[in-house]
Every structure is written in structure tokens, then in C-alpha cells.
Amino acid sequence: MEWYVANSDYWGDVSGALLPHPRTLMMPGSEGSEEVKGMLNLFTNNQTKMVTPTSKGSSKTHSLKFLIYGRTGWIGGLLGKICEKQGIPYEYGKGRLEERSSIVLDIQSVKPTHVFNAAGVTGRPNVDWCESHKPETIRTNVAGTLTLADVCREHGLLVMNYATGCIFEYDANHPEGSGIGFKEEDTPNFTGSFYSKTKAMVEELLKEYENVCTLRVRMPISSDLNNPRNFITKISRYDKVVNIPNSMTVLDELLPISVEMAKRNLRGIWNFTNPGVVSHNEILEMYKKYMDPSYKWSNFTLEEQAKVIVAPRSNNEMDATKLSREFPELLSIKDSLIKYVFEPNRKVPAN
């Protein structure tokens, strides 16, 4: 018995099975009924008496507790590590985003102060997967995200939603190399991939939810150069790459900022990138300088790239002025790459 009590994560949340009519949780509005709330509270109170909670950080009493969706994902995993480092209690959501009743149970069980959504379909090995799996993509990226936002609104909870900035492309008003970036209020103009199309759809709808903070991530990079999702890892393994300046997100610097944004209860849309742009060739030059002097690569055009991919890719510059005003210490993309990625991983001795 002691083992089962101490390892509740192993056998999951059975609170739904303790209700006389668990299917009522699936009826719209029923999660807010006094009967269901009372039964759930009774269960969680009894559970608290039975199990001594294990703190994932400091043993002190905290005013914060995070519920994180995306446990098996890259960003979701990094968020857990940040919480542990900062001593913030957190739990990963067990429910599926598109299943309203399971999200309600997560919230009732965890009792979070903030919810982080790092779950979503990006495709494996890349977004081309979404082109042939459209219903699955809609289910998570649109229906799931909206369901989470709606349930959290009913419970008065702020959702930190990791979205994408790959919903724009250079145009006449934002030419490549001009330094004119897309702002938070600009309307998405890129629907070349089905992935981006779903993300643009859901962002527009989420504007109606005052409890959501949308973070537009682009081409995420981290100091873990072995991670296949890392933009640097991806392009360093390609035979050929295009060479276009883009706004990008250095996760080592920006994910802790997103936690601080939650603490400040910031809302609305934010371009969640480092200021400025960096091109593929500039990144690979850094890779050669810091990691492997013998590294070589070649370029090809967008027209040539189109022959080896299913869906077009977004290329753009995002205006990071709003984020920089809130966090003046935010480094430019090139400085952030050197400080957080290449210097810590340096294999070539400095001169």
C-alpha cells in the first residue's frame, strides 16, 4: 500500500472513477456544478490526508504552482527543469487537451495558479507530416488549445501558450533585410503550410480570451546541440541549406523570461524572439568557429528547396520591441547565440 501511495504518478488520476456519474463531467457546464465540485473537493481533500505531497523544489510554502502540458515535448521538459531550479512547485497535465473533462480533473487535482501549454503537433520529422495528417493536427492545435483556454477561463486561470511566429513571410511592407519586423497586432500573411494555417487560425480565436498569453516562438534554439528539434542541429545535418535572415528564439534565455511573464500575469500576444535576425550561413559560420573548423556546407535557392519539401517554409523578421521594453536585458539574437549556445559548447580553443 505504501508503494502505491508514494507512486501515484504510476497508476494515474482515478478521481473520475470515484464519482457516481463520471460521464456528467463531459456535459457542457457540468464541471462547474456544486455537486461535482463537492465530490471532487472531497476526493482531493481525502487524498491530501493520505499522501504527503513531495515538493519538486524548495520545501517552503509557495504562492505559485504550475500545471504544464507537453511533458514529452522539448519545451515542456525544459519548463519542468526551470521550475525545479527556481523551486516552483509544478505538475504535468495527465489529460489530453481536446478532452475537456480530463483538463477539468487536472485543474481540480493540481489546483494550479498558472497553466502552461507547450503541447501541440509540429510533425515528425518536420511540419510536412501535418500535410497528410490534417484532422490530427486540427484536433490538438486548434480544438485542444481552444478547449484548454476555455476551461482555464472558467476557472480564472492564466494560460501561457507557446505558439509560433511562423505565420508571417516577408512582403512588400516587410522586405527581407529592411529591419522592419512584423508587430504583435499584424495579421498573419503566411498559410503555405497546414501547420502554420492552424496556428494562425487559433491565434485569431484566442484574442477573444483575456486569460491567454500567446508567445510567438520562431525556429527555437537551445544549448542542447544533440536535440533533433534544435534549429542548429537540424541545419548542421542537412546537405544543403537556404540562406535567409530570420528571427529566432534562444530557449535558454527566453523560457525563464516566460516564467517571469507568468509571475507578472502578462497577457495578449507577444513576439517571443530575440531582437534582430540571423541567417543560416551566419549560424553555420559560428558552428564552424566554435565547434568544428572542418565543417562545410552548401546553399541552395528557395526554388531548389521546394523540390525536396512538401510545404513551403515561413521566413520573416519579428519586431521584438514590446518584449524588449518589458525585459530590457534581452540580448540580440547573435549575442544570445554566443552566450547561451556556442560558448558553453565550445570545442575549438579560443585564440
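Heavy-atom basis, side chains included; hydrogens, waters and symmetry copies ignored.
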Test item: side-chain donor near acceptor, [X] and [Y], under 3.5 Å:
X      : Y      : result
Asp292 : Ser294 : yes
His114 : Asn265 : yes
Ser178 : Tyr170 : no
Ser247 : Glu317 : no

Between the side chains of [Y] and [X], is the shortest nitrogen-to-carboxylate-oxygen separation below 4.0 Å, so that they form an ion pair?
X      : Y      : result
Asp252 : Lys339 : no
Glu184 : Arg216 : no
Glu154 : Arg100 : yes
Arg267 : Glu210 : no

Exercise. For the ring pair Phe66 and Tyr90, is the centre-to-centre distance below 6.0 Å?
Worked result: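 Distance test on ring centres: not under 6.0 Å, no.
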Exercise. Under 6.0 Å between ring centres, would you say that holds for Tyr287 and Tyr295?
Worked result: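 When the ring centroids of Tyr287 and Tyr295 are compared, they turn out to be within the sub-6.0 Å range.
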Counting only heavy atoms not in [X], do more than 12 sit closer than 6.0 Å to its [atom1] atom?
X      : atom1 : value
Lys240 : NZ    : no
Lys288 : NZ    : yes
Lys263 : NZ    : yes
Arg153 : CZ    : no
Arg264 : CZ    : yes

For this session: Let me see the working for Glu185 and Lys183 under salt bridge (charged side-chain N to carboxylate O under 4.0 Å, His left out), right down to the final yes or no.
Result: CA-CA 6 Å; Glu185 59 271 19; Lys183 293 182 168 63; 5.8 Å; no
Problem set entry | Cluster companions of Phe182 among Ile, Leu, Val, Met, Phe, Trp, Tyr (side-chain spacing under 4.5 Å) | Ile167, Phe168, Met318
Heavy atoms, side chains only, cut-off 4.5 Å: are [X] and [Y] in contact?
X      : Y      : answer
Tyr209 : Cys152 : no
Leu255 : Tyr162 : yes
Leu337 : Val278 : yes
Tyr290 : Lys347 : no
Asn246 : Ile244 : yes
Gln305 : Val242 : yes

For this session: Quick one: do Asn316 and Ser314 satisfy side-chain hydrogen bond (donor to acceptor under 3.5 Å, both in side chains)? Show the steps, please.
Result: CA-CA 7 Å; Asn316 68 57; Ser314 157; 3.2 Å; yes
For this session: For Val241, enumerate each residue passing the side chain to side chain contact (heavy atoms under 4.5 Å, CB included) test, keeping only those at least two apart in sequence or located in another chain.
Result: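 Residues passing side chain to side chain contact (heavy atoms under 4.5 Å, CB included) with Val241: Ile235, Tyr238, His280, Asn281, Leu284, Trp297, Asn299.
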Problem set entry | side-chain hydrogen bond (donor to acceptor under 3.5 Å, both in side chains) between Ser332 and Asp335, worked out | CA-CA 5 Å; Ser332 70; Asp335 288 343; 3.3 Å; yes
For this session: Could you list the residues that satisfy salt bridge (Lys or Arg N to Asp or Glu O under 4.0 Å) with Glu304, not counting sequence neighbours?
Result: none
Problem set entry | Evaluation steps, side-chain hydrogen bond (donor to acceptor under 3.5 Å, both in side chains), between Thr233 and Asn227 | CA-CA 7 Å; Thr233 309; Asn227 192 306; over 6 Å; no
Problem set entry | For Leu157, the option from Val151, Asn211, Leu148, Ile107 that meets side chain to side chain contact (heavy atoms under 4.5 Å, CB included) |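 By the side chain to side chain contact (heavy atoms under 4.5 Å, CB included) criterion, Leu157 pairs with just one of Val151, Asn211, Leu148, Ile107: Ile107.
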For this session: Could you please spell out the steps behind the side-chain hydrogen bond (donor to acceptor under 3.5 Å, both in side chains) verdict for Ser324 and Thr321?
Result: CA-CA 5 Å; Ser324 294; Thr321 302; over 6 Å; no
